[in-house]
Amino acid sequence: MRAVLAALALVLGLIATPAMAADAPNLAAGKAASASSFTDVYRAANVTDGDQSTYWESANDALPQWVQVDLGSVAAVNRLVLKLPSGWPGRTQTLTVQGSTDGASFATLVAPATYTFNPAATITLTGDARFLRLRITANTGWPAGQLSEFEVYGTAGPTPGTNLALGKTMAESSHNQTYVAANADDGNVQTYWEGGAYPNTLTVRLGGNADLTSIVLKLNPDPVWARRTQTLEVLGREESASAFTGLVAATTYTFDPAAGNTVTIPVNARVSDVQLRITANSGAPGGQVAEFEVYGKPVPPPQTADVVPATSWTPGNPAQGDTVTFSVAIRNQGTIATSGGAHGITLTLTDSSGNVVKTATGSVSGALAPGATSAAVNLGTWTAANGDYTLKTVLADDPAELPAQRANNTATQPLFVGRGAHLPYDMYEAEDATIGGGATRVGPNRTIGDLGGEASGRRAVTLGTTGSYVEFTTRASTNTLVTRFSVPDGNDSTSLNIYVDGTFLKPINLTSRYAWLYGPEASPNNSPGSGPPRHIYDEASVLLGTTVPKGSRIRLQKDPANGATYTIDFVDLEQATAAANPDPSRYAVPAGFSQQDVQNALDKARQDSSLAGVYLPTGDYQLSSKLQVYGRAVKIVGAGPWYTRFFAPSGQENTDVGFRTEASANGSTYAGFAVFGNYTSRIDGPGKVFDFSNVANTVIDNVWIEHFVCMFWGTNTDNTTIKNSRIRDTFADGINMTNGSTGNLVTNVEARSTGDDSFALFSAIDNNPGEQHDNVFENLTSLLTWRAAGVAVYGGYGNTFRNIYVADTLVYSGVTISSLDFGIPMNGFGASPPTTFDGITLVRDGGHFWGQQTFPAMWLFSASKVFQGIRVNNLDIVDPTYHGIMFQTNYVGGQPQNPVKDTVLTNVSISGAQRSGDAFDAKSGFAIWANELPEPGQGPAVGSATFNTLKLAGNATDIRNTTSTFTITVNP
């Protein structure tokens, strides 16, 4: 044998195994066993013969291998004890636990993990199976799978039906430390709820009446949990009742690991809520429940109306001084029609101190059929002021509603003002506009490659038939239009017609050329059929040629000449004017619109000290490579991004155009123009419009960048200002500053659909050894990032991110705070001054990437460098895709790299973290999550974080922390 040191276990649930209680039934004893292979006399039958000195060994040097046991009938399994012969040197084996009821189709019961055998290991689990299989992929002691005893513990016979409580809302009278109520219905016996002062109550809300047959209460069946008794009463509440009544009188129950640490209590009642009232526990100072399971049959819901408000406002992300318009529609989610009278609506807007700043009333008349939604009612306007607000909408009770449904008549929503960029255009969402002619609304969902899932707000409008249209009523005068759209791949040249007040105006040209990627999520390509699609939207812009007055109707319509199917996400409308030459005597003007004409003007300004720079009049300028700026500081000023527009060659793709600036031109200004690229895929290296190194004191102002790899990449870039700009449809970062970049300001910039972090600081030192500090990123908006985060910071100190709005990231976090170095030399986070986030709004953010990894709205990842000095203030997370805030630690070789430390979050609100219902449902619904096992080969979060003033609402689970390695402290 090859003796090795025992490795640290990578997952919870692995512990040293005490002697088993004599009366614990091993369901596998003497049962048939089989394996994928065996060596010599070390056959599979040895694992169930009761003799620890005999063992199974697979074929050598041929991993992976498996061994399995047939229990003879389906059993509810809760624990496995795996043994090697006594006296063998310790070792680890990496294995997966699989189960099957028929021996043909196996499901994973325990994900791949590494276990230490000294000489045994215990695995706790929950599942029904007749056949249990261990799939072994690694063994540090021998190049084969090895096992002497495969013991299985649980209860003969399957779990009694469907657990009606799993994943449902839990309530508690109190909890001790981090042992919250949600732990009692997460399907994991390794987590548990523990009450505070007696009496404790633990309540599960089933969501509707059910005829109960039993409840099952579980503790962790591992023998380290000592035998204990608990005295408890079972109560219930029928859905139309207001109070709980007794179902089972107070009784003392015994919880014994030798019997699976499970108690079954027969219950015969029809209730919607089930409550435990615990008054004693011999093993702890409060009641304890690892799993609160409820069995029975759901009662069909009663016939009732059920009205709910749908409140919206425009603009969706208002700035101070904006006129905000409120509207409310009423939806009947019940099973019968509402009454036919007037349905009253009351809207109340309160500030963060609880002061009412606006009230409004209205009504909708007439009956609403089941599933129907009324037209939206305008409830007036409000002049926005900076701050955090709560919008409460209350509908009058409908006579056709049962009392239990009337709680749904009230809805509250957060509204934030003053976060994000404030640029001169106004966004109009297609799903909120008027549609007709066969147009259809799509979404909402969070599916990549789906027309709803990749849209702003996760909803859009499809124009699939001739005559279908979407129509917007203008809130201000406009002479421009931008639309975010999707057309099927292969439509390189198509158009959609624009109408104003019913009269045809002109078409807008659209193309699928810059959208539609396929294949591997980390490096998708342009080849259809190489994998599922993603990045299916693009944008197009057009000068209307006339001013369309406020209150007009602008329609996008599919006519016979429009040959594709069109999905419209939103439009931007803006009244644009061309800026004149600021001083004709001091600005050189190109003789034409070619690259050489512009370079000649730049050279003239460089050589003539009486000139301030170059003015670029209205026109379309053609670029074939980088313009060269050097020699001295110059100002490059255009007529505005709608009028001075640079274009990469239309007959090419992936052409590296833009500006190359040397340090000799420090202090230069770039303002008032657009640059449209021709990138169709990500190529790391070129494709950066502004690719600066060792440049300082530069200003980039009112610039529009589209179809590139990056807008700005700064290496050792100091005291640079990027402001009042728009970034669209890049294949990598919007703005990234690295290698000692200090003292920079990024302000009032909106990034849409970037293919990496929209705004990033990366404290790499591969090109410059300096620290990265004193950068300010403020008043930023990031929308629809299709790969990576809205905002990301990797190391550094004294950097500030404030007044930021991030919405609809498709696969990643809204904000990433990470000390991962990506294999590049890098500084970690400095302790002082801290890295500060202040005034952050994250809406519908998060996703899944890198295989099975799920990402939250805000991700705090302690990895290869020190993670410290983090301050997050005034953070609001709304409707995250999987979870609100996630703490995670990187592991290498089974060891955590760096803990989370000196991390404080103040005035945090998280709402709407709900179960996802997709393949990652078990990893979803957590407002705050200390991740216990992100993916194979990793381990639980390590360290601690403190929350001051934490507000949680409408989350499936408020705080999930099943680790022993991470501490979450919550202060009032």
Side-chain angles (χ1 to χ4, degrees), residues 12-13 124 126 163 165-206 215 217-220 225 230 232 273-278 281 283-294 856 860 877 880 882-888 900 905 908-915 921-933 940-941 943-972:
L12 296 177
T124 58
T126 299
N163 175 14
L166 184 62
K168 298 296 174 61
T169 300
M170 303 289 290
E172 60 183 20
S173 59
S174 60
H175 67 266
N176 185 27
Q177 300 184 40
T178 60
Y179 307 119
V180 296
N183 292 345
D185 75 334
D186 61 1
N188 181 2
V189 294
Q190 296 176 5
T191 68
Y192 63 97
W193 162 81
E194 183 174 303
Y198 292 122
N200 311 147
T201 61
L202 180 65
T203 307
V204 59
R205 295 170 179 153
L206 304 178
I215 65 170
L217 307 179
K218 295 180 177 180
L219 292 176
N220 190 327
W225 278 71
Q230 296 192 72
L232 61 92
D273 299 343
V274 186
Q275 183 177 95
L276 306 177
R277 186 176 186 271
I278 303 175
N281 181 354
Q288 294 172 310
V289 178
E291 286 300 299
F292 183 0
E293 299 177 354
V294 177
L860 293 92
I877 296 175
Y882 291 111
H883 15 272
I885 296 173
M886 181 175 75
F887 298 97
Q888 184 179 336
V900 174
L905 301 95
V908 173
S909 73
I910 307 173
S911 61
Q914 291 295 311
R915 299 290 289 263
D921 185 73
K923 299 181 179 182
S924 66
F926 316 135
I928 300 171
W929 185 19
N931 198 321
E932 65 271 13
L933 187 63
S944 63
T946 298
F947 287 83
N948 299 316
T949 311
L950 176 61
K951 294 175 286 186
L952 303 172
N955 306 300
T957 300
D958 283 338
I959 299 175
R960 177 182 172 93
N961 183 10
T962 64
T963 76
S964 61
T965 53
F966 199 90
T967 301
I968 297 174
T969 301
V970 179
N971 298 321

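For this chain, numbers begin at 1 and follow the sequence in order. Atoms considered below: every heavy atom in the structure, side chains included; atoms not considered: hydrogens, waters and symmetry mates.
- For the pair N955 (side chain) and T957 (backbone), a donor-acceptor distance under 3.5 Å is absent.
- Closest approach of P199 to S173, counting heavy atoms only: O-OG, 3.9 Å.
- The side chain to side chain contact (heavy atoms under 4.5 Å, CB included) test applied to N183 returns V180, D186, T191, not counting sequence neighbours.
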Q) Please walk me through it: do I928 and V908 pass side chain to side chain contact (heavy atoms under 4.5 Å, CB included)? A) CA-CA 11 Å; I928 300 171; V908 173; 5.9 Å; no
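- Contact annotation: the side chain of N281 approaches that of Y198 to within less than 4.5 Å [non-hydrogen atoms, C-beta and beyond].
- Put simply, CG on N971 and OG1 on T946 are 6.5 Å apart, with the number rounded to the nearest 0.5 Å.
- Put simply, the side chain of H883 gets close to the backbone of K923: a donor and an acceptor are under 3.5 Å apart.
- Closest approach of S174 and A197 over heavy atoms only: OG-N, 4.0 Å.
- Ring geometry for F947 versus F887: interplanar angle over 60°, hence perpendicular rather than tilted (30 to 60°).
- Distance check: I877 CD1 to L952 CG gives 10.0 Å after rounding to the nearest 0.5 Å.
- For N961, the side chain to side chain contact (heavy atoms under 4.5 Å, CB included) criterion is met by T178, A930, T963, F966, I968, not counting sequence neighbours.
- Nearest heavy-atom pair across A945 and L905 is CB-CD1, 4.3 Å.
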(Q) For E293 and K218: C-alpha separation, side-chain torsions, deciding distance, then whether side chain to side chain contact (heavy atoms under 4.5 Å, CB included) applies. (A) CA-CA 8 Å; E293 299 177 354; K218 295 180 177 180; 3.1 Å; yes
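- For the atom pair CZ (F292) and CH2 (W193), the distance works out to 9.5 Å, reported to the nearest 0.5 Å.
- Counting only distance, with no hydrogens or angles, the side chain of N163 and the backbone of V294 share a donor-acceptor pair below 3.5 Å.
- Atom-to-atom distance recorded for K168:NZ and R205:CZ is 13.0 Å, nearest 0.5 angstrom.
- Side-chain N or O atoms of Q888 include none that pairs as donor or acceptor with a backbone N or O of W929 at under 3.5 Å.
- Side-chain contact between I885 and P856 is absent, with no heavy-atom pair separated by less than 4.5 Å.
- Between N188 and R960, some side-chain heavy-atom pair lies under the 4.5 Å cut-off.
- Looking at heavy atoms from C-beta onward, I278 lies out of side-chain contact with L202 at the 4.5 angstrom threshold.
- Within the 4.5 Å cutoff, the side chain of D958 has no heavy atoms near those of the L950 side chain.
- E172 contributes a side-chain N or O that, together with a main-chain N or O of A181, makes up a donor-acceptor pair within less than 3.5 Å.
- For R915, the side chain to side chain contact (heavy atoms under 4.5 Å, CB included) criterion is met by D921, S924, A956, not counting sequence neighbours.
- Listed for the T201 side chain is no donor-acceptor partner under 3.5 Å among the backbone atoms of R277.
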(Q) Does T962 form a side chain to side chain contact (heavy atoms under 4.5 Å, CB included) with Q190? I'd like the steps, not just the answer. (A) CA-CA 7 Å; T962 64; Q190 296 176 5; over 6 Å; no
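- The closest donor-acceptor contact from the side chain of E291 to the backbone of L219 lies at 3.5 Å or more, if one exists at all.
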